[in-house]
Amino acid sequence: MKGMTIIVKKTAQLIAGMIFMYGIYVIVHGHLTPGGGFAGGVIMAGSLILVILSHGTDFFSLVKEEMGTTIVESAATICVILIATAGFLFGTKVFFNNFLPKGNVGDLVSAGVLPLYNIFVGIEVAASVFIIFLSLIIFKEESPK
Amino acid sequence: MKYITLFILSFIFWLLLTFDFSVSNLIVGVVASIITALFFGKFFITNVYKLLQPRRYFWFIVYLFIFIWECLKANLDVAYRVLHPAMPIRPGIVKVKTTLKSDMAKMLLANSITMTPGTISVDIIDDYLYIHWIYIRSEDPEVYTPIIIGAFEKYIKRIIE
Amino acid sequence: MEVAISIITGLMILGALFAIHAKDLLSAVIACGIVGYGLVICFLLLKAPDLAIVQIVVDTITLIMMVAVVLDSSREESFSRLDTFGKIAAATGLIIIVVLFYFFIIASSNLDVLGKSSLRMANAYIHGAAQKTGSANLVTGVVFDFRGYDTMGEAVVLVTAVLGVLTILRLKGKK
Amino acid sequence: MIAYYMCFGLFFVGLYGVITRRNLVKIAISLSIMEISTFLFFALIGYIDNGVAPIVNPADPDKIYVDPLPQTLVLTAIVIGLATTALLMAVIIRLYRKYKTFDIREINELRG
């Protein structure tokens, strides 16, 4: 897949890291401000898509990247279920039990396991949106017109 | 080197976003900046030592004022053309040769031209910028080149090259 | 508030009608973007910033996907005269729509007036959630704590959809 | 009340598109329009007059908050909608590669 012109390339180089950083901010502060795992994950995927679309890559690195992203996605989903099961093992016997100390409402480290759920769901959403995009590109490269 | 620069820049961005200087927030910011640097350091700009030279920042501030002045003039010009009953427009695409060499400088020039009302940069091919202009004053390259990019080019050269 | 939302929804309806009737598929896809971004403004007016953030990013990515599908095709919708079967289908559709609208008018007498409604669970969540979960953002608290099963099911649906996309697209077609 | 009627009008526009169009991309667009009208309906149900966004400020507890429950349901529904749209797009692109058309009637005739 070909890249775009110099204007888009250079702007993407400067901006993409900052967009990724903003996605992390939305995820990590998800229990304090608007946002959370879903929104931040899609923003992170958007920054990765921006880099791929503007720079362009060859077929083999796309396939390699897709395999890595699939593993990341599955691992994140398993982590979500593992945390839920951990809640089952500690304290009262309830799935999705919030077993960590809650802290003060409004602090960054508070709300028990909710930030961990946010982080893993964010990784999972980012990885799956990125995989969908990658598979569309790979399919296009694979079958010439 | 560029990994470290991206790390510092994204940490500054994190502090601006949160504006919270507690220990936990700083630790999370450092971890997030490391992740960002690992992912995007490969794509970041190469000549990062230029970020350490103070005179470039001085010229950048001067350039901001020049840019705002040019933008105001162009705004009034476009407003005159829109409000005039006869609509004196003569749109077309012109090809401008620039003396700037680095890609970053070309990007900044193209973005400045696009943000000025009335002109839009369509593409860059080698040293030539293709620009859509709302009123083509003349068809001679010697005449229209200074009108479009003359004000920006010398300052951008001092900022980036 | 009601007037503002009605105006924006009216614009969304116009965009939707244009999207359905446009001849060029690319402009149809872009007109579909009007509906999505109008929804973002509605969410902001209805005090739902979480949803606004998610919707604006999801809509952009949906647009990217649809444009990617449309761009490498012939882009034009082939219009032909409706035959008898098409006419019957359209007439049946119109009848269904009219009947549904009649049922909606009957059912709408049970709806509360906009801005006065309050669900039974709402008060329990609003008063208890911040203390019980320790999360300042009530939506996050409800998503991951009280409604954790929903979220887990959502994650599984997402994984399944990705598996489906990979399976469909990586299949080598029969020669 | 007008807002509810407009919301249902949007739903019926989507339904009309699904029934009358024969182009697969148009059908996908109409489905996403129906989806969007449902999201809007949920957000309308949860709105309370003079309410603020459901983010608790511990210093000031006596505020009216908008109902967080419908927002939660919509939050998961939006992401699932993205996934289903992606799946639909994958099916459409696969069909186009095989039959060279988006028209469902022609695909029906060409099948076999």
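Chain letters run A, B, ... following the sequence lines, proteins first and then strands; every chain starts at 1.
No part of Val162(C) comes within reach of chain D, as not one of its non-hydrogen atoms sits under 4.5 angstrom from that chain. In this structure, chain C has a heavy atom under 4.5 Å from the side chain of Ser32(D), while its backbone stays farther away. Only the side chain of Val25(D) comes within contact range of chain C, with heavy atoms under 4.5 Å apart. Residue contact with chain D, scored on non-hydrogen atoms closer than 4.5 Å, is absent for Ile7(C). The part of Leu39(C) that comes within reach of chain D is its side chain, from C-beta onward, which places non-hydrogen atoms under 4.5 angstrom from that chain. For a residue to count as touching a neighbouring chain, one of its non-hydrogen atoms must lie under 4.5 Å from one of that chain's; by this rule Ile5(C) touches chain D with the side chain only. The part of Phe8(D) that comes within reach of chain C is its side chain, from C-beta onward, which places non-hydrogen atoms under 4.5 angstrom from that chain.
Contact count versus chain C (heavy atoms, under 4.5 Å) is highest, among Leu88(D), Thr76(D), Ile93(D), Ile27(D), for Thr76(D). Of the listed residues Gly164(C), Ala48(C), Ala155(C), the one with more heavy-atom pairs under 4.5 angstrom with chain D than any other is Ala48(C). Of the listed residues (Gly153(C), Gly93(C), Gly38(C)), the greatest number of heavy-atom pairs within a distance under 4.5 Å of chain D belongs to Gly93(C). Interface remark: of the candidates Ile92(D), Leu75(D), Val18(D), Thr84(D), Leu75(D) forms the most heavy-atom pairs closer than 4.5 Å to chain C. Heavy-atom pairs under 4.5 Å with chain D were tallied for Ala161(C), Ala68(C), Ser6(C); the largest tally goes to Ser6(C). For the set Gly14(D), Ala28(D), Pro68(D), Gly17(D), the count of heavy-atom pairs under 4.5 angstrom toward chain C peaks at Pro68(D). Top candidate by heavy-atom pairs under 4.5 Å with chain D, chosen from Gly10(C), Ser108(C), Pro49(C), is Ser108(C). For the set Val74(D), Ile19(D), Thr85(D), Leu10(D), the count of heavy-atom pairs under 4.5 angstrom toward chain C peaks at Leu10(D).
To the nearest 0.5 Å, atom CG of residue Leu158(C) and atom CG of residue Leu163(C) are 10.5 Å apart. One finds the CD1 atom of Ile36(D) at 11.5 Å from the CG atom of Leu31(D) (value rounded to the nearest 0.5 Å). With rounding to the nearest 0.5 angstrom, the CG atom of Asp50(C) is 9.5 Å from the CG atom of Leu138(C).
Formation of a donor-acceptor pair under 3.5 Å by the Lys47(C) side chain with backbone atoms of Tyr65(D) is not found in this model.
Residue-environment remark: CD1 (Ile2(D)) stays at or below the threshold of 12 foreign heavy atoms within 6.0 Å.
Closest approach of Ser37(D) and Cys7(D) over heavy atoms only: O-SG, 3.3 Å. Leu46(C) approaches Ala43(D) most closely through the heavy-atom pair CD1-CB, 3.7 Å.
Applying the side chain to side chain contact (heavy atoms under 4.5 Å, CB included) test between Ile45(D) and each of Phe42(D), Tyr47(D), Phe41(D) identifies Phe41(D) as the sole match.
Tyr37(C) is linked by a ring pair (Phe, Tyr, Trp, His ring centres under 6.0 Å) to nothing, counting only residues two or more places apart in sequence or in another chain.
Relative orientation of the His21(C) and Tyr16(D) rings is tilted, given thresholds of 30° and 60° on the angle between their planes.
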